[in-house]
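All values derive from a computational prediction rather than experimental measurement. Hydrogens, waters and symmetry mates are skipped; everything else that's a heavy atom, side chains included, is used.
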Amino acid sequence: MADFSEALNRGQVLIIDGGLATELEAAGHDLSDRLWSARLLLDAPGAISAVHTAYLEAGADVVISASYQAAFHGFADRGIAHDEAERLLRLSVQLAIDARDEFWSKHVTQRPASQRLRPLVAASVGPFGAYLPGGQEYRGDYVLSKDELKDFHRERLAVLATTGADLVALETTPCRLEAEAYVELLAEFPGLSAWLSFSCRDGLSVCHGEPFADCYALAASSPQILAIGVNCSAPEHVSSLLHAVGSSPPKPLLAYPNSGETYDGQRKDWLQRDPAGQAWYHDATEWRRAGAGLIGGCCRTTPDDIRRLRASLDLP
């Protein structure tokens, strides 16, 4: 992770990929299953690889694995045996690694003088709310204790720690309690590096209501968490959230909001934004000035969006 940390410490901006599941849906795959994009680890792993490749070719410096919904509890509910669930979890990371390695081999051959960082693979870990059926990753109204949350996440982290991923992406965290669980749990895996990103309901608070600045400070206390920020939240809130942590945050910030549309967890559908509105990445330069060292997109963003985002930041 030395190259990653050095790049961020130099003030270099790294581009995170965009939406995975929504790209798979756009390609015609039905993800109505509770496993969401993880279902295609069973049925169409090549489709996942193709999306990773599309984002790498669009300029992503980090690709995120298809393991967001790949919790052992979810696999068990689907009737998938434990050993097969572990194989699928490992496969999610290997697909991203293979896509990265194939892309990089071609890139180095075609552009040997390129200063681009070899892309990284982040192993996705979705929150407990992603396992639940009602969109609780956007509310955080759990009934579990901190220790129960640690128990839920522990085995998945143990497997991901041995997959060869460059780091773990603890994504769409809706509440401080789950962040506390992650900080304590990471200490059980001292060789594991991570970023921690929160789903936020407005320009000051995470979805459950705690101040984002307080959640940032908690996450920054972990030496294993390399960057902290916001994902799958409305882009218009990002600047305010990043500025809320102060002008000299101790850890790099990250921002990869959704397209600006709103997800209805009950209807399992996206509410369209005003088509005449600004592009979701319109304020990316401001996010960079606020300290974001990693910038990308989440749900409903596309490879074309990532290409335009990279260009808007004047990155080669």
Side-chain angles (χ1 to χ4, degrees), residues 12-29 31 36-37 40 47-66 68 95-96 99-100 103 107 116-117 119-122 124 126 138 169 171-172 195 197-200 227 229-242 253-264 269-290 292-316:
Q12 183 175 342
V13 174
L14 303 180
I15 300 297
I16 304 171
D17 63 9
L20 173 64
T22 47
E23 273 299 285
L24 293 168
E25 288 175 325
H29 296 282
L31 303 185
W36 204 35
S37 58
L40 296 192
I48 295 171
S49 298
V51 175
H52 289 322
T53 298
Y55 279 118
L56 289 163
E57 291 176 346
D61 298 307
V62 186
V63 288
I64 302 175
S65 69
Y68 178 87
L95 291 171
R100 184 270 312 275
F103 166 80
H107 180 80
R116 184 172 170 181
L117 179 75
L120 304 170
V121 171
S124 175
Y138 303 110
E171 302 188 274
T172 324
W195 80 48
S197 57
F198 293 88
S199 58
C200 297
V230 182
N231 82 289
C232 213
S233 303
E236 59 264 29
H237 297 322
V238 171
S239 293
S240 176
L241 288 160
L242 298 183
L253 292 161
L254 60 88
Y256 55 117
N258 61 34
S259 65
E261 297 160 272
T262 302
Y263 184 68
D264 186 325
D269 197 9
W270 289 89
L271 306 178
Q272 299 292 320
R273 64 176 298 180
D274 179 2
Q278 295 173 329
W280 63 269
Y281 51 82
H282 176 267
D283 292 326
T285 301
E286 172 61 25
W287 305 342
R288 183 179 187 176
R289 283 197 295 264
L294 296 122
I295 301 175
C298 200
C299 293
R300 306 282 279 189
T301 65
T302 70
D304 281 344
D305 287 332
I306 296 306
R307 188 174 290 106
R308 296 185 186 106
L309 168 65
R310 191 175 187 96
S312 76
L313 293 169
D314 295 324
L315 299 177

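Between A290 and L253 the shortest heavy-atom distance is O-CD1, 3.4 Å. Among all heavy-atom pairs drawn from G260 and P235, the shortest one is CA-CD, 3.5 Å. In plain terms, the two heavy atoms of S239 and E286 that are nearest each other are OG-CG, 3.4 Å. Listed here is the closest heavy atom pair of G19 and T301: N-OG1, 3.0 Å.
Counting heavy atoms from C-beta outward, D283 and V238 have side chains that stay 4.5 Å or more apart. Counting heavy atoms from C-beta outward, T172 and Y68 have side chains that approach closer than 4.5 Å. Looking at heavy atoms from C-beta onward, P303 lies out of side-chain contact with E57 at the 4.5 angstrom threshold. Contact of the N258 side chain with the R300 side chain is not registered, since no non-hydrogen atoms from C-beta on lie closer than 4.5 Å. By the 4.5 Å heavy-atom criterion applied to side chains, W287 and P257 are counted as neighbours.
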Take V63 and L56 through the side-chain contact (heavy atoms from CB on, under 4.5 Å) test and state the conclusion after the steps.
CA-CA 7 Å; V63 288; L56 289 163; 3.7 Å; yes
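In this structure, CD1 on I306 lies 8.5 Å from CD1 on I16, to the nearest 0.5 angstrom. Going from atom CG of L241 over to atom OG of S233 covers 7.0 Å, rounded to the nearest 0.5 Å. The CD1 atom of I295 lies 13.5 Å from the OH atom of Y281; values are rounded to the nearest 0.5 Å. The CG atom of L309 lies 5.0 Å from the CH2 atom of W280; values are rounded to the nearest 0.5 Å. We find the CZ-NE2 distance between R308 and H282 to be 14.5 Å, quoted to the nearest 0.5 Å. Note that CG of L242 is 13.0 Å distant from NE2 of H237, once rounded to the nearest 0.5 Å.
Scored by the side chain to side chain contact (heavy atoms under 4.5 Å, CB included) test, S197 finds E171, W195, N231, L254, Y256 as partners (sequence neighbours excluded). Partners of S240 under the side chain to side chain contact (heavy atoms under 4.5 Å, CB included) rule, at least two apart in sequence or in another chain, are L204. Judged as a side chain to side chain contact (heavy atoms under 4.5 Å, CB included), and not counting sequence neighbours, the contacts of R310 are I15, D61, R116, L315.
No donor-acceptor pair under 3.5 Å is formed between the side chain of D17 and the backbone N or O of H52. Under a 3.5 Å cut-off, the side chain of R288 and the backbone N or O of V13 do not form any donor-acceptor pair.
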